[in-house]
Amino acid sequence: MCGIVGYIGKNNAVPILLDGLRSLEYRGYDSAGVYVQGVGCIKSVGVIDNLEAKIPNEYNGVAGIGHTRWATHGEPSEHNAHPQSDESGRVFVVHNGIIENYREISQLLTEEGHTFSSETDTEVIAHLVEKFLNDGKNFKDAVVEMLKCIKGAYGIAVACKDKPDELIVARMGSPLVIGLSLDEYFIASDPSALLRHTRDIIYLNDGDIAVVGSAGHRVFTLKEENVDRKISRIDWDFETVKKDGYAHFMLKEIMEAPTVIENSMRGRLLVEQGSVKLGGIQDISEDLRSIKNVVIVGCGSAYYAGLVGRMMIEELAGIPTVVELGSEFRYKKSVIEPRTLVIAVSQSGETADTLEAVREAKRKGALTIGIVNTIGSTIARETNAGVYNHAGPEVSVASTKAFISQLVVFALLATFLGRQRDLSLMAGKQIVTEIANLPEKIMRILSSREDIKEIALRFSHYQNFFFIGRKYNYPIAMEGSLKLKEISYIHAEGCGAGELKHGSIALITPDFPTMAICLQDSVYEKMISNVQEINARKGPIVIMTSEDTDVSFLTSDVIRIPHVHEILSPILSVIPLQLFAYYCSVARGLDVDRPRNLAKSVTVE
Ligand code: M6R
């Protein structure tokens, strides 16, 4: 989604801004722009290279702001790209989020004589600041007054020609960080954009306003009360977000799965006690002992991880659990009892729908925990407690390694909750031991990726696909179909295999293939019956099954994965589906890491 960068210091801001924008490219965008004090504003549609090509040599200065825009209000175009400014070009602003009352404001300002030149909601910010400057306020006071007028979600950075030695930023619902170095400040919506320059970061909270510049920095609220935001040190490396020789981030991230699992479980398995230790929920461990029901919230892949998590929690801990889409949770009546635990699942920790669900759950008195990958993100900070995934930065828009780590964390959490209740020592030991063995099994799947590639090449020309599974692998069928849709643009549907005959099977023809997850588990026989129904209607089939299982009577397109405890099987079965989607996308010549219309971090509701 949109990205913000800013710089003020002693060096040329232009390469710093462009470099920062490039590191935010993965979030998805359709236009970009920069404003540099003293030399003006340049914008372009399309990739950052288009913007850079428009920048002349003499364009440089020591302070500026930049933006990558993912269109919400108004088509992708230069006049809608950010920075947006007032008519006189006195104030420039970059903005992530949505100003909900921009129509009312622009109408009022129009009546006062302002003329708007874009279709964006953002432009009102610049006009409002200019209006308050004209009323005689200084830059800081004009921004504060503007913030009192706007409603909605924002992360903004503002520059003003009258005050070239200051930038002002503000956050409400859209992430923003300040990076600090000697005599210079960096601004970004995502810390990864700053890593080349500094590791010392201030995470702003909702309601924070900050002035940075030659006089240092100050963080305060709309009521002008100073707030003390501590400086956090980032300990992950920029190198970890490079491709490491792989053609795409997505493949690199899938190949990292064994390491990701090791990181997710490091120091957490208590094999002898058949349990796990989760430092992030230690403080609420007694509260967890008495919870009566669980509500899991997430979006997209995180929601599907939640569906698996629900089965794990119900099976190992016996706690009634439901799963809600983040986008639905706050708009329907959700039953939150005094002892309800709400688990928010999010790779980015910034997904607006999931974040708002957390806030709603807290308002209703639920205990909240986050299963979050991005350290220091808003959901991680706003939940009562949490378990970090430790998957490392995920760059490709399609979630792969983060999804796997979400499943691992759910397995750990369900075991923990189970051992607080009726799960036996032996059963706990078995699960924990099987979790410890997952990396080796995943390595075996990854080493067979050429076979998966071959199948993908043969199937990548189809326009439609079913993914079917049962029980633990029903959510994985849905996740497999989402992966295929988002990066290969093949229409795909994930179905419970038993549901097919209730309607969807009408679509089966020789042109409509199915990927069936038929592992040697409690639903194997049922799965095989469902596949036979497809076979009888001449639908092409790929079967994913367990090692040593003969399915040659149904198809010759077979993917095999190692045997594993049924509860943990999604952690293995999703990997061939991620690889399948990846190779289909490559075969179709698509932009794997940055699929059309999608953003990595969805910070609007
Ligand atoms: O950052 P989050 O985990 O909260 O993101 C949730 C979804 O937007 C995300 O999983 C999305 O569905 C991915 N594109 C899936 O690959």
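Counting starts at 1 for both ligands and their atoms, in listed order. All values derive from a computational prediction rather than experimental measurement. Values below: every heavy atom of this structure, side chains too, minus hydrogens, waters and symmetry copies.
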So with a 6.0 Å cut-off around NZ of Lys453, is the heavy-atom count from everything else above 12?
no
Find all atoms of ligand 1 within a distance of less than 4.0 Å from any non-hydrogen atom belonging to Ala398, and give their numbers and elements.
16 (O)
Closest heavy-atom pair and its distance - Ile567, Tyr472
CG1-OH, 3.4 Å
Could you identify the single nearest non-hydrogen protein atom to atom 6 (C) of ligand 1 and state the distance to 0.1 Å?
Cys299 O, 3.2 Å
For Gln347, atoms of ligand 1 separated by under 4.0 Å from a heavy atom:
1 (O), 2 (P), 3 (O), 4 (O)
For atom 8 (O) of ligand 1, the closest protein heavy atom turns out to be Val602 CG2, 4.1 Å
Might you work through the salt bridge (charged side-chain N to carboxylate O under 4.0 Å, His left out) test for Asp521 and Lys471, ending with a clear yes or no?
CA-CA 10 Å; Asp521 56 17; Lys471 205 175 170 183; over 6 Å; no
For Lys483 and ligand 1, answer yes if some heavy atom of the residue is under 4.0 Å from a ligand atom, otherwise no.
yes
Within less than 4.0 angstrom of ligand 1, does Val397 place any heavy atom?
yes
Minimum-distance protein heavy atom relative to atom 1 (O) of ligand 1
Ser348 OG, 2.7 Å
Check: Ser399/Glu394 side-chain N/O donor and acceptor closer than 3.5 Å:
yes
Taking the side chain as C-beta and beyond, is there a heavy-atom pair between Leu412 and Thr415 under 4.5 Å?
no
Counting from 1 in the order shown, the ligand 1 atoms closer than 4.0 Å to a non-hydrogen atom of Ser301 are 10 (O), 12 (O), 15 (C), 16 (O)
Ranked by distance from atom 5 (O) of ligand 1, the top protein heavy atom is Thr351 OG1, 3.4 Å
Assess the pair Phe580 and Phe465: is the distance between their ring centroids shorter than 6.0 Å?
yes
For residues Glu479 and Ser301, is any side-chain donor paired with an opposing acceptor at under 3.5 Å?
yes
A student checking ligand 1 against Glu486 at a 4.0 Å heavy-atom cut-off should list atoms 13 (C), 14 (N), 15 (C), 16 (O)
Closest heavy-atom approach to atom 12 (O) of ligand 1 among Ala402, Ala305, Gly300 is made by Gly300
I need the atoms of ligand 1 closer than 4.0 Å to a non-hydrogen atom of Ser346, numbered in the order shown.
1 (O), 2 (P), 3 (O), 4 (O)
Arg588 NZ/CZ over Tyr489 ring centroid, <6.0 Å and within 45° of normal:
no
